[in-house]
Amino acid sequence: DGRFEKLTVFTDPYFQRRTPAVAAVLIEGLQRFPGRGRYLAFKNHVKLICIASADEARTAVISGSANLSAQPRCEQYVLTASPDVYEFYKREFFEAMLNG
């Protein structure tokens with residue numbers, strides 16, 4: 001509905017094979033916002049979410065061990081609002097994947 005300034009989603013290619021209908025809805029939704037929504041599939045096993053306000057004055061990073069799906073296991077997550085951690089993951093992971 002336009003509330004996101006930008007949204008980038010990375011998945012493993014397996015996501016599209018395992019749940020093609022869900023992947024299609026996600027990708028089609030991102031494509032409705034050219035220049036604001038991006039999707040990239042590559043071999044990875046990362047569980048990382050970086051969120052920031054439009055001016056990046058407020059940030060949050062969520063990392064963990066769990067796949068972002070239903071799991072009958074005990075998993076762990078780490079939530080931080082540290083701008084330094086946000087900048088590190090944005091630069092060293094997200095931007096590196098998009099530019100490399």
Side-chain angles (χ1 to χ4, degrees):
D1 66 4
R3 286 186 280 176
F4 284 104
E5 178 75 21
K6 293 182 196 171
L7 179 60
T8 301
V9 177
F10 295 143
T11 70
D12 189 282
Y14 177 69
F15 170 64
Q16 291 174 296
R17 291 191 310 272
R18 184 188 66 192
T19 54
V22 174
V25 169
L26 172 66
I27 294 166
E28 289 168 13
L30 290 170
Q31 289 173 341
R32 285 190 310 210
F33 301 96
R36 295 174 54 197
R38 297 181 288 185
Y39 175 81
L40 181 64
F42 61 95
K43 290 187 177 187
N44 75 87
H45 200 65
V46 176
K47 291 84 169 187
L48 180 66
I49 300 169
C50 293
I51 303 168
S53 58
D55 62 1
E56 294 190 349
R58 293 177 294 148
T59 62
V61 174
I62 305 165
S63 61
S65 66
N67 294 329
L68 298 177
S69 59
Q71 295 287 342
R73 299 173 185 87
C74 183
E75 302 283 357
Q76 62 71 229
Y77 290 97
V78 175
L79 168 64
T80 180
S82 166
D84 292 338
V85 173
Y86 172 83
E87 274 302 316
F88 171 80
Y89 281 118
K90 179 183 169 191
R91 181 183 62 250
E92 299 298 327
F93 181 72
F94 290 104
E95 288 178 3
M97 293 299 110
L98 287 168
N99 297 323

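We use all heavy atoms of the structure for the numbers below, so side chains are in, but hydrogens, waters and symmetry mates are not. Bear in mind the structure is a predicted one, so any value in this text is a computation, not a measurement.
Note on Leu48 and Val78: separate hydrophobic clusters, where clusters join Ile, Leu, Val, Met, Phe, Trp and Tyr whose side-chain heavy atoms are under 4.5 Å apart, directly or indirectly. When hydrophobic clusters are built by joining Ile, Leu, Val, Met, Phe, Trp and Tyr residues whose side-chain heavy atoms come closer than 4.5 Å, directly or via intermediates, Tyr77 is grouped together with Ile51. Residues Val22 and Val25 are members of separate hydrophobic clusters, defined by side-chain heavy-atom contacts under 4.5 angstrom among Ile, Leu, Val, Met, Phe, Trp and Tyr.
Atoms CD and CG, from Glu5 and Asp55 in turn, are 10.0 Å apart once rounded to the nearest 0.5 Å. Atoms CG and CG, from Leu30 and Leu40 in turn, are 11.5 Å apart once rounded to the nearest 0.5 Å. For the atom pair CG (Leu26) and OG1 (Thr19), the distance works out to 9.5 Å, reported to the nearest 0.5 Å. Here the CZ atom belonging to Arg36 is positioned 15.0 Å from the CD atom belonging to Gln31, to the nearest 0.5 angstrom. Atom CD of Gln76 sits about 10.0 Å away from atom NZ of Lys47, to the nearest 0.5 Å.
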Extract all donor-acceptor atom pairs below 3.5 Å that involve side chains of residues 56-64 and protein atoms in other chains or at least two apart in sequence.
unit_1	atom_1	unit_2	atom_2	d
Glu56	OE1	Lys90	NZ	3.3
Glu56	OE2	Tyr86	OH	3.2
Glu56	OE2	Lys90	NZ	2.7
Thr59	OG1	Ala81	O	3.4

Identify each donor-acceptor pair in which a side-chain atom of residues 8-16 lies under 3.5 Å from a protein atom, sequence neighbours left out, and give them as a table.
unit_1	atom_1	unit_2	atom_2	d
Thr8	OG1	Arg38	NE	3.0
Thr8	OG1	Arg38	NH2	2.9
Thr11	OG1	Tyr39	OH	2.5
Asp12	OD1	Tyr14	N	2.9
Asp12	OD2	Asn44	N	3.1

